[in-house]
Amino acid sequence: MKKISMIVPCYNEEGNVKLFFEDAIKTYKNNKKYEIELIFIDDGSYDNTLNELREIAKTKECKVKVLSFSRNFGKESVIYAGLKSATGDYTVLIDADMQQPPHLTLKMAEILDAKKEVDCVCYYQAKRIESKLMSKIKGSFYKTMNKLSDVELKQGASDFRMFRINVKEALLSLEERCRFTKGIFSWVGFNTTYLPYTPEKRAHGFSKWNPYKLFKYGMEGIISFSTKPLKLATFLGLFLSILSGIYLLIVLIQKIFIGRGIPGYPTIANLIILLGGIQLFCLGIIGEYIAKIYMETKDRPIYIIKEEISNDK
Ligand code: UDP
Ligand code: MG
């Protein structure tokens, strides 16, 4: 019998965790091929999620582990903690909000069983359920990211993935603090199969994303997996030097051959503003990288566990 470890991040999911648990149990109850281990990670929820998880952990149906963080560390830290706890032959990352129904994991496991050459099975959103504007923004992010970075991200690929032990160990070997899981998956490589799916509507509660968080997440992805923005400063500098050389030539020709005066004040004011802006922009990019170095060198833990509960299955 193979064991599937399900890593379930929970941040204020009081209305969903029980539904999730019931669907997972229903799917695997009489299954002769697989048993499941549920790893719920409470990411500093301030609603009743932890109490709901305590109740779930009393079950005798399957192994349940609950890790409760001391505060909200974010989904990327949750995934890392979950990977460290997972003991299954296959590990799956799956949201608690029922957008990714647990019964879909069965198909992933069957693919891993049938195809020995496949190491990871990933669901991607065939049809996005969010607004047109949001899917346009996300689409352009994937394009920019793929152009700028050294990793290749598949459009719409989610964190809803199941993989073998070798992939889990590779993911754990990357111990960086600023974790951009989509990039990390692509960076470690391995043979991945993509399956289309349409996410369900959230059963209860709200999405934790807003435009600002998405922007920060996108920046994180680019900075963590590419140094190309740093080179932008060099190219901009070079480009502007050539441009100013041409401008100087034009001004000189006008002065010598046509005898036309040079409009001084507006030209200088414009150039100062333009150059000041570009310099600040480049400094900002460098600053982003220095901030990342600063955070990494502090070597703080990726998460802190306040409480650990486990049933004796
Ligand atoms: N989540 C988390 N920590 C956070 C934000 C989200 O553990 O800081 C969990 C959340 O409980 C859910 C999953 O990550 O199980 C996905 O979050 P959400 O549904 O908000 O994202 P969306 O589906 O809208 O992309
Ligand atoms: Mg969701």
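Quick caveat: nothing in here was measured; it's all calculated off a predicted structure. Along the sequence shown, residues carry numbers from 1. Read the numbers this way: they start at 1 and go in the same order the structure lists the ligands and their atoms.
When the shell of 6.0 Å around NZ of Lys115 is examined, it contains 12 or fewer heavy atoms from other residues, nucleotides or ligands.
Between Leu38 and Cys62, the shortest heavy-atom contact is CD1-SG, 3.9 Å.
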* After noting the C-alpha distance and the side-chain angles of Glu307 and Arg54, does the key distance pass the salt bridge (charged side-chain N to carboxylate O under 4.0 Å, His left out) rule? -> CA-CA 11 Å; Glu307 191 180 337; Arg54 283 196 183 104; 2.9 Å; yes
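Salt bridge status for Lys75 with Asp159: present, with a side-chain N to carboxylate O gap under 4.0 Å. No salt bridge links Arg179 with Glu176; every basic N to acidic carboxylate O contact stays at or beyond 4.0 Å. We find that Lys65 and Glu308 are not joined by a salt bridge, their nearest charged nitrogen and carboxylate oxygen being 4.0 Å or further apart.
Seen from the ring of Phe73, Arg71 counts as a face-on cation partner, given the 6.0 Å and 45° thresholds.
The ring-ring contact (aromatic ring centres under 6.0 Å, His included) check on Phe160 picks up Tyr123, Tyr197, with sequence neighbours excluded.
Excluding water, every protein N/O/S atom under 2.8 Å from the Mg ion (ligand 2) is given here by residue and atom: Asp97 OD2, Gln99 OE1.
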Output, or 'none' if empty, a list of ligand 1-protein atom pairs in which both atoms are N or O and the distance is under 3.5 Å, rounded to 0.1 Å.
unit_1: ligand 1; atom_1: 3 (N); unit_2: Asp43; atom_2: OD2; d: 2.7
unit_1: ligand 1; atom_1: 8 (O); unit_2: Asp43; atom_2: OD2; d: 3.4
unit_1: ligand 1; atom_1: 8 (O); unit_2: Asn72; atom_2: ND2; d: 3.1
unit_1: ligand 1; atom_1: 11 (O); unit_2: Pro9; atom_2: O; d: 3.4
unit_1: ligand 1; atom_1: 11 (O); unit_2: Tyr11; atom_2: N; d: 2.8
unit_1: ligand 1; atom_1: 11 (O); unit_2: Glu13; atom_2: OE2; d: 2.5
unit_1: ligand 1; atom_1: 15 (O); unit_2: Pro9; atom_2: O; d: 2.7
unit_1: ligand 1; atom_1: 15 (O); unit_2: Ala96; atom_2: N; d: 3.0
unit_1: ligand 1; atom_1: 19 (O); unit_2: Asp97; atom_2: OD2; d: 2.7
unit_1: ligand 1; atom_1: 19 (O); unit_2: Arg202; atom_2: NH2; d: 2.9
unit_1: ligand 1; atom_1: 20 (O); unit_2: Lys208; atom_2: N; d: 2.6
unit_1: ligand 1; atom_1: 21 (O); unit_2: Trp209; atom_2: NE1; d: 3.2
unit_1: ligand 1; atom_1: 23 (O); unit_2: Gln99; atom_2: OE1; d: 2.8
unit_1: ligand 1; atom_1: 24 (O); unit_2: Ser207; atom_2: OG; d: 2.6
unit_1: ligand 1; atom_1: 25 (O); unit_2: Trp209; atom_2: NE1; d: 3.3

Kindly list each side-chain donor-acceptor pair under 3.5 angstrom involving residues 288-295, sequence neighbours excluded, with atom names and distances?
unit_1: Tyr289; atom_1: OH; unit_2: Ser226; atom_2: O; d: 2.5
unit_1: Tyr294; atom_1: OH; unit_2: Lys298; atom_2: NZ; d: 3.3

